[in-house]
Amino acid sequence: MFHSIEQHVSSAFRAHILARYGLDLAVAVEQPRQSDFGEMAVPAAFQLAKQLRQAPRKIAAELAAEIGPIEGVAAVEVAGNGYVNIRLDRGALGAALLRGESEEAAPAGEKVIVEHTNINPNKAAHIGHLRNATLGDTFVRMLRARGQRVEVQNYIDNTGVQVADVVVGFHYLENKTLEDVKALLADSSVRFDYYCWDLYARTSSYYKDHAEALEWRSATLHAIEAGAGELAEMAHLVADAIVEAHLATMLRLGVEYDVLPRESEILRLRFWASAFELLKEHRAIYRETEGKNAGCWVMPGLSEEGKVIVRSDGTVTYVGKDIAYQLWKFGLLGKDFYYRPLQTYADGRVLWVTTGEPTETAPQFGHGSRVYNVIDARQSYLQDVVVAGLRGLGYTAQANQSVHFSYEMVALTPGCCAELGIPLSEEDRARPYVEVSGRKGLGVKADDLMDTLIAKALEEVASRHAEASAEEQKRVAGQIAIGALRYFLLKFTRTSVIAFDFQEALSFEGETGPYLQYAAVRARNILRKLEERGERLPDFAAELSRQAMARQLQSEDFWHLLLAASKADSAIEEAVTAGEPAHVAKYAFQLAQAFNNFYHQYPIIHEENREKKVFLLWMTDFFRRQLERTAGILGIPIPEYM
RNA sequence: GGGCCCGUAGCUCAGGUGGAUAGAGCAUCAGCCUUCUAAGCUGAGGGUCGCUGGUUCGAGUCCAGCCGGGCCUACCA
């Protein structure tokens with residue numbers, strides 16, 4: 001609602017300035033520093049001052065005097081040395097919100113693809129993967145909240161080096177057969193993804209002391225690519241089991257996908273062969289004849305030596321396959337996957353996975369008009385290569401619609417490593433933080449962290465609600481844990497490295513997820529208490545006239561609270577434009593703060609004056625809806641009680 | 001060597017398109033539970049926005065150069 005008034009004001013000023021001065025200006029609408037300056041500030045006079053060569057104050061006075069009436073605006077004033085401040089019509093805004101007027105959602109139109117999570121299926125997920133999935137999932141929710149059609153993809157590199165290394169561990173280091181691995185999978189006392197976590201670290205460190213063992217890796221990779229034999233079968237067994245574990249881990253956090261494109265199908269359906277032909281035809285890559293890259297197919301321009309796309313032994317690098325995948329996402333490859341359903345989510349939505357064999361009908365995937373790849377900042381070079389590939393093929397529009405949704409890594413503080421019992425070198429101990437490393441087995445596992453959070457939340461819930469059943473306590477604790485974790489990962493902007501700290505991550509106070517949840521629970525409690533007392537929620541539209549709204553909103557306090565609550569659309573819109581989920585998190589926190597303030601200051605159920613009581617109840621309900629909606633976009637559930 | 005990111009209160013971080021007196025949480029200190037849940041609320045202290053120049057009516061924000069720190073620059077992904 002607030003957002004559409006902003007747009008009204010901006011376009012009214014723009015039209016007026018064009019007519020009056022003959023200048024077309026994109027008019028900014030800001031928030032005044034002090035609330036008694038009004039609700040909006042237009043600094044246009046400063047911009048005009050330069051071109052008109054007049055004092056800003058004088059221009060501002062002209063603007064304010066001549067702008068004329070604007071819908072929803074009560075007063076236009078000149079302030080400072082050239083600001084035009086806007087005061088809104090309080091009754092009008094209140095009445096509009098009461099009628100439930102909301103922003104018109106953007107028309108669905110074209111489809112946007114968001115790829116996120118994308119964890120190598122060879123070990124348990126860790127905290128770094130959680131940042132990726134939470135950012136990606138929240139961005140998807142933000143886009144959908146604005147009416148955008150979104151397809152969520154989670155790419156599975158099930159034939160890569162990392163999977164091969166775990167197979168090497170099983171086969172060469174542990175002398176396990178396929179049957180042994182199956183038995184391990186069937187053993188309910190063993191967490192398979194955790195087992196592989198350790199095994200992968202062991203294999204990696206074995207390579208360091210036994211360079212000759214790298215032969216095992218390449219033999220395994222060849223076996224996987226050939227798609228036959230015990231090692232290939234073992235690789236699929238491992239990857240499938242780990243993917244299942246990752247999906248379960250992510251589902252705990254409320255993260256869901258539409259489709260899992262797998263590398264095995266990219267190989268099987270020869271996606272790369274098609275992309276290779278295209279790249280050669282357009283001379284986007286060339287065969288190097290000399291120097292260190294002799295015998296390789298190389299993409300020039302991005303670094304001094306160029307980027308190797310096809311190795312001298314004829315095998316394609318990951319980036320090469322990624323180019324083929326990116327082409328497919330835009331519907332440019334001329335090939336498609338086959339699909340089969342993998343699982344069904346609670347709401348009935350089906351998660352599809354690619355397959356190499358023709359199957360019955362499936363939805364159409366890919367063919368996006370814009371593609372967001374949620375990948376950490378360390379891979380920006382590779383993302384540049386992918387985009388350069390599109391460009392080299394002449395797909396300029398698609399190259400421009402390819403967005404690397406990048407974010408900085410999650411690292412561990414040396415103190416955190418000490419807590420986890422991870423030994424560090426002297427060099428690492430002196431650093432501000434240490435990179436999480438799957439190869440070194442260095443990291444906080446996602447499920448462990450969630451379990452720790454749940455245990456802590458359960459203590460709190462049990463002490464506050466001893467009467468509730470154990471099952472119920474556990475459910476509430478689970479929701480609180482998710483709220484705490486998601487908010488923790490979202491409160492940092494994408495460019496900030498998160499130096500992980502247990503104490504901060506495990507906090508339920510201050511700027512945290514549970515703080516939001518608590519505010520929403522309180523709002524619900526008031527409305528529930530009302531009914532427990534035998535009263536009913538009033539028919540707000542019938543009982544509150546526009547005049548009544550205006551009367552109640554004469555209170556500066558109520559007015560500011562209502563403004564805060566009505567800015568959700570504005571905040572979401574801004575966050576989508578900025579591509580920054582942290583901005584939604586920040587708004588949600590401010591919203592909760594405003595409500596807690598309101599809650600503390602005004603008795604609602606016990607209010608004697610009928611009009612005021614109905615107004616307060618309406619405010620409570622409005623806050624509740626906005627809190628729930630914003631929390632929903634952050635993927636934070638609201639417990640029944642706290 | 002080249003590219004990207006970070007540097008703001010004791011700590012962790014926010015500070016759209018330059019704008020009015022630089023903010024929040026944590027921590028510290030002082031208050032508030034016979035009342036709709038104290039996972040909360042109120043108040044206090046705490047700042048050379050890394051440094052130096054520049055652009056202009058105006059710079060935490062833009063530009064240049066330094067100083068710290070991190071990441072990338074593989075025939076790994």
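Quick note on labels: first sequence line is chain A, next is B, and so on, each numbered from 1.
- Rounded to an integer number of Å, the gap from A:Leu412 CG to B:rC71 P is 13 Å.
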Summary of protein contacts for nucleotides 38-45 of chain B, nucleotide by nucleotide, where a base hit scores B, a sugar-phosphate-only hit scores S (4.0 Å, heavy atoms): SBSSS---
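- Between the base of B:rA20 and the side chain of A:Asn85 there is a donor-acceptor pair shorter than 3.5 Å.
- For the salt bridge (Lys or Arg N to Asp or Glu O under 4.0 Å) condition, the pairs that include at least one residue of residues 491-513 of chain A, sequence neighbours left out, are A:Glu511-A:Lys586.
- Among the heavy atoms of the strands, none lies under 4.0 Å from A:Val163.
- Residue A:Ala28 is in base contact, counting any heavy-atom pair closer than 4.0 Å across all strands shown.
- A:Asp376 comes within 4.0 angstrom of no nucleic acid atom, judged by non-hydrogen atoms across all strands.
- Computed from coordinates, the A:Arg378 CZ to B:rA74 P distance equals 17 Å when rounded to whole Å.
- Across all strands shown, A:Asn120 has heavy atoms under 4.0 Å from sugar-phosphate atoms exclusively, and none from any base.
- Between A:His210 and A:Tyr206, the two ring planes are parallel [angle under 30°; tilted spans 30° to 60°].
- Salt-bridge check for A:Glu640 with A:Arg475: passed, with a basic side-chain N closer than 4.0 Å to an acidic carboxylate O.
- In this structure, A:Glu435 atom CD and B:rG69 atom C1' are separated by 14 Å, rounded to whole Å.
- Residue A:Thr495 is in sugar-phosphate contact alone, with no base atom involved, counting any heavy-atom pair closer than 4.0 Å across all strands shown.
- Residue A:Pro432 is classed as a sugar-phosphate contact, given heavy-atom separations below 4.0 Å to backbone atoms only.
- Within the structure, a side-chain polar atom (N or O) of A:Ser496 is placed less than 4.0 Å from OP1 or OP2 of B:rA14.
- RNA chain B contains the following stems of three or more consecutive Watson-Crick or G-U pairs, with both distances under 3.5 Å: B:1-7 with B:67-73, B:10-13 with B:23-26, B:28-32 with B:40-44, B:50-54 with B:62-66.
- Counting distance only, with no hydrogens placed and no angle test, the side-chain atoms of A:Ser312 and the base atoms of B:rC75 include a donor-acceptor pair under 3.5 Å.
- Nucleic acid contact class of A:Ser406 (heavy atoms, under 4.0 Å, all strands): none.
- Contact annotation for A:Val310: no contact, since no heavy-atom pair falls under 4.0 Å across all strands.
- As judged by a 4.0 angstrom heavy-atom cut-off over every strand, A:Ala41 is placed among the base-contacting residues.
- As a whole-Å value, the separation of A:Lys321 NZ from B:rA77 P is 7 Å.
- Ranked by how close their nearest RNA chain B nucleotide is to the 5' end, A:Lys491 and A:Glu263 are led by A:Lys491.
- Atoms CD (A:Gln379) and C1' (B:rA74) sit 13 Å apart, rounded to a whole Å.
- Per the geometry, CZ belonging to A:Phe492 stands 16 Å off C1' belonging to B:rG15, to the nearest Å.
- Here A:Phe37 packs flat against the base of B:rA20; its ring centre is closer than 5.5 angstrom to the base's six-membered ring, tilted by less than 30 degrees.
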